[in-house]
Structure formats: structure tokens, C-alpha cells
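Since the structure comes first, as C-alpha cells, the remarks are kept for the end.
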Amino acid sequence: MCGIVGITSNKQVTPSIINSLRKLEYRGYDSAGIATLSKGFINEVKCEGRVDILEKNLSKNKLLGNIGIGHVRWATHGIPSTINAHPHSSEKVSVVHNGIIENSTILKNFLIKKGHKFKSQTDTEVIVHLITEYLKTNDLKKSVLKTLSKLNGSFALGIIFKDQPDLIVGARRGSPLAVGYGPNENYLGSDSYALKSMTNKISYLNDGEFCIIKKDDVEFFDADGNKVNKKILTLSSSEQNYNKGDYKHFMAKEIDEQPTTIKNCINEYLDKISNSINIFNFPWKKNEISSIVLIGCGTAYHSCLMAKYWFEQITTLNVTVDIASEFRYRKNRFNNETLYVFVSQSGETADTFAALDLCNKKKMKTCSVVNVVESSIARESKFVLPIHCGPEIGVASTKAFLGQMLVLYILCLKLAIMRNDINKNEYHKKIKSLFSLSKLVNQTLETESKIESLCSSFVNIKGSMFLGRGYSFPIALEGALKLKELAYVHAEGYPAGEMKHGPLALIEEGMPVVVLAPRDEYYKKTISNMQEVIARGAKVLLITNKNKDEIHSENIWEKVEVENATDDLLPFLITIPLQKLAYYSALKKGYDIDKPRNLAKSVTVE
Ligand code: M6R
């Protein structure tokens, strides 16, 4: 999704802006641009396509200046094109914008009547002309305040001004925005990652705030223009995590990192000596929670669906799972005894953030399961459970999915023991088995070569299905999502028991169907459902776990066996071959694995 960079310095800023835009490439985008201020003029260079093209254009058309803004755009209003790329500029003002201005048509009509001429199809251009209009009769701060008050929707903005050669204005409503501090220069970024190569000293704007950034000073203001004080945070995490190393793609690296990320997470939350959970500061008592609502989008939603099975199995809590974009507009029955859990890798997903915000406004108990601990969702939640995965750069979520499931499973055990829903022996046993998970995941990664040899059957097909029951159903959904987003193949995840209620009609001779049937309590039922699709011509890839018992079924096309584990932990293992299947299918097609078409890593618009 869109990304913003702004730099004010005592040296040339274009090279550093390009460098930071490269850091934002992982978010997914379709055009890019930069504007700087030099000798009293705003100059811009923009392009459709990647930052590489922008850099080439800049070699022909040098952009000088000690102050500038840059942007990578993921199209919402108007097609991906050079004209629609940001920054958008008038003679006086240049703007980069993340988010959507919902009343842009009304504002555009108002501005056209005032004589403003529009070049692009974007909603962003109204911001440029509004500020330009208000600057005719107001000072900078008033013009900004007046402009912001007219905008409906969500935005993070970076603005430079022809007549203010020493400052950048940043403003935030909904979409995240960070300020970074450097030596004789300061920065604006849509996330701290964009600024990472320049500084680890960061402040975040809260919703409704704006800031004025000069090279040696930053001032923050609330929505009424009153000055506010900000904490400067020092971020950790080494730069090396952001490199691919010897891997061709971040996704491949991130899949292979899973044994390590699981180990790190387990070390953070579990005590090996007592076989218990180290979450000491959990803010609520056992009689304060009687139900739990798990909310997320995409892969994070699938981890919530998975957790529902564990919560129902291990605790006596009532459990509901919701897609954030549905939850936020539904007429919810808010309940003081409900724990609302928000799951998000980035911690910036607009719908998940809006759902959290809604719960906070209703004074509910909110907890987030996030990877990025400095994110908006983490900062706004009453309690945060990090998944400790390190940066995930590939657009397709892999290690974060396993991390989310793991933390939700640990939370489930924590609530179960706190509420006496589980006896101590059982609790210690489950925790003990978690200590072997990292090794099991590592061994299961060895299924890679088999999967690689099978993937050509998933490349040029009309569609495929992923079937599972119980614990394997959410994993089937996740496996189908991975194949869709990476290999652009239609894939549907379905509860195996539902096939005969309609989708069986889709099965035809040779259609690849992935059946997830580990030897858990659902195994026999799933195998029966597998027979039904084989009988109708499906080419079944069975994913199960190693076991000495024979599988009583004929005509299975191929079988991949993951390691053996407890029923609770098998979902982690059967995920691995599905991640690899999507990866190798996309690789075979020559697709852009880390940046699939039309997608963004962090979905900061609704
Ligand atoms: O950052 P989040 O976990 O909130 O992101 C949610 C989804 O956008 C994300 O999981 C998406 O579905 C991934 N591309 C899936 O691989």
C-alpha cells in the first residue's frame, strides 16, 4: 500500500528519499514519485511502475534540494499512471498522501468553482488545492488546520511549501505516520521501517495530530492546533533482518526462518523449568472474562479461526471470530465480560485498527497479537502480545501466521489455567509439547523437494480446492489464500464435510485437490470425504502426518507427510507444505513472489 517519506536536511535529499522508498517497496505499489524544493520552486519527478524507473528518470532530470517528499502509490482513485502518481503539486504546495478522501468529489467541485485546475483523477489533488486556496488568506498553520477540518476519510500526509523552504508538514487521521530524528536533519515516514537506515529515534503521530518538521526541530499539534509533547522512542531490531541473504525471495527466507521464530516466541512466553506461561502482567482477572472475540483480516483472520477450535476445546469461554471489515460496521452487542483480541502482523491494517478503536471507545477489554510492536494497533490496545517473528517483508504472510497461531494458543492455555478450565497436569503437558514445535517445524521443512516436484500440477489449471475438517479447515483456507495470492490460481478452501452440499459439482477429471488429513480426531471422516472427490476424478494431494498405520484409500495422486505431533500442534506442521506449494507454483510461473500483483503488505485503507 502507499508509502510516504519526507526529509529536511542541510544536504541533498533525493538519494536518501530514493533509499527510503526502496524500503517501502515491500508494501506493494504501482507508481512512485519525488518532489523537492530548490531555488524557490517545487520540482517533481514521477513514474508509473517501480522505484528503479523513478531512479532512471532522476538520472535524466536531476532533482536538487535540501527538502523533499517521496511516495510509492497503490492506486485507489484513478488508474496507476505517471499523472496519478504522487506527489501532487500546485505552484505553491506539494502533497503526498496515504488513505482515501471520501468527500473529494464535493471538494473538487467547490475548488473548480474557485478557478482551480485539476490534472489527475486522484482524491489527493483536492488537498493540494485546498491548502493553496487557504494560503491566500491564512498563515501556514491556519491553512493546514482549515484543510484538515474539511477532509472526510483517512489520511497520512506529507506537505512541502514553495514559500517555506525549511519545513515539512505531516498530518495523520487513520493512516499511520512516524517522525524520525537525525543529525542536522529530520524525517517523516509512513512507518519507522522507511526511516530505519537513517535513524532509530522515532515519534508517532496520534490520530488527528499534525506536525511541523524542520531540520533541527519538530513541533507536534493536536487537531485544534494546540502544541503537544511527544516521547522519542529508540527502536531496536537489526538491519540485517531486512536482507534476503542467500535467498532468492524474502518469502523463501521467511518460511525457513519459522523454526527460529517459533523458538524465539516460545522462549519469550514459556518457562521450561516449570512448564508454565510467563505472562505476569495480564490485566484482567478470571471472573472478568466470560467470552472472547477474535478479529483480523486475511491470514490473521485464519489464525483467529484456528484459535477458535483451541479455545472451544481447551477453555469454557464463548468464542466468536470476526473479519475486521465486517465487525466494524455490524451492530455488535458489546459486553464488558468479553475480551476483544485483534490479530495483525503489521499492526496497521485499517479495518483491524478501526475495529479496535470502536472497542476502545466502548471501553471494552482490548488485547492485540501483533508482530510490529511500535504499530498503531499495539499502541492503542490495552494489552499487547507480540509474536516475536522479526520483520516480515514478503507480502504473503508466512512466519507471522505461525507466530499468530502460536501466541493465540499460548493465550488460550493462559486463560484455561487462569479459569481452571484445564487441570494442571494437562496444562503442563501441553506446554511441554510446545518446546518440541520448533524442531518439528524444522523437520517438516524437509517436505520441500517433494512439494517442488509436484507444483507443476498447480500451475496451469482452472482451479483447485483445499479441504480439511476441524483443526485443518482454517489451514485449508490459508493454503488456498496463499496459492491465490502468489500463483494467481483460483483456489478454494472448504470444510471437507460440506463438499456434497454443492462444491462437489466443481470436481472434474484431473482437478488438483489438496486434502488435509493429519491423524487427529477428524482423520477418518476426512478420508471418507477424500474418497468422494477421488471418485469424481480429483487428483488428490494428501497432506497427513507420519504414522505406521496404513492409509486405507486407493487412487491418491500424491502424499506428503509432515512430522508427528499432538492434535493441537498438527495445524502448524500441515501449514508448511502449503506455504511451499504456493511459493514453488509462483516461482514456476515466474511471478513476483515478494510483491504479488495488486496486493500490498500493509493494508492501510479500508
Ligand atoms: O498486517 P495484517 O496481519 O493485519 O494483514 C492482514 C492481511 O492483509 C494479510 O494477512 C494478507 O491477507 C496477507 N497478504 C496474506 O498473505
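Please read these numbers as outputs of a predicted model, since none were measured by experiment. Indexing begins at 1, ligand by ligand and atom by atom, following the structure's order. Keep in mind that the numbers below use all heavy atoms, side chains included, and drop hydrogens, waters and symmetry copies.
The aromatic rings of Trp310 and Phe572 lie parallel to each other, their planes meeting at an angle below 30°, with 60° marking the opposite boundary. Ring planes of Trp284 and Phe282: perpendicular class, angle over 60° (limits at 30 and 60°).
Crowding of Lys308 atom NZ: a count of heavy atoms from other residues, nucleotides or ligands under 6.0 Å exceeding 12. Atom NZ of Lys589 is surrounded by more than 12 heavy atoms from other residues, nucleotides or ligands within 6.0 Å.
Counting atoms of ligand 1 from 1 in the listed order, those under 4.0 Å from a heavy atom of Gln345 are 1 (O), 2 (P), 3 (O), 4 (O). For ligand 1, the atoms closer than 4.0 angstrom to any heavy atom of Ser397 are 15 (C), 16 (O). Below 4.0 Å from some heavy atom of Ala396 lie the following atoms of ligand 1, by number and element: 16 (O). Numbered from 1 in the order shown, with element, the atoms of ligand 1 that lie under 4.0 Å from a heavy atom of Ser344 read 1 (O), 2 (P), 3 (O), 4 (O). Taking every non-hydrogen atom of Thr299 and a distance limit under 4.0 Å, the qualifying atoms of ligand 1 come out as 10 (O), 12 (O), 15 (C), 16 (O). If you number the atoms of ligand 1 from 1 as listed, the ones under 4.0 Å from a heavy atom of Gly298 come out as 12 (O).
Remark: minimum distance from atom 1 (O) of ligand 1 to any protein heavy atom is reached at Ser346 OG, 2.6 Å. Of all protein heavy atoms, the one lying nearest to atom 8 (O) of ligand 1 is Val603 CG2, 3.9 Å. For atom 7 (C) of ligand 1, the nearest non-hydrogen atom of the protein is Cys297 O, 3.5 Å. Looking only at heavy atoms of the protein, atom 4 (O) of ligand 1 is closest to Thr349 OG1, 2.4 Å.
Of the N and O atoms on the side chains of Ser375 and Glu348, not one donor lies less than 3.5 Å from an acceptor on the other residue. With no hydrogens or angles considered, no side-chain donor-acceptor pair links Asp567 and Tyr471 at under 3.5 Å.
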CA sep, side-chain torsions, deciding dist, call: Leu413, Ile314, side-chain contact (heavy atoms from CB on, under 4.5 Å)
CA-CA 7 Å; Leu413 292 177; Ile314 302 170; 4.1 Å; yes

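With sequence neighbours left out, the salt bridge (charged side-chain N to carboxylate O under 4.0 Å, His left out) criterion links Lys361 to Asp357.
Residue contact annotation: Lys482 has a non-hydrogen atom under 4.0 Å from ligand 1.
Between Glu485 and ligand 1, an N or O atom pair is found at a separation short of 3.5 Å. An N or O contact shorter than 3.5 Å links Val395 to ligand 1 by distance.
By the 4.0 Å N-to-carboxylate-O rule, Lys580 lies close enough to Asp256 to be salt-bridged with it.
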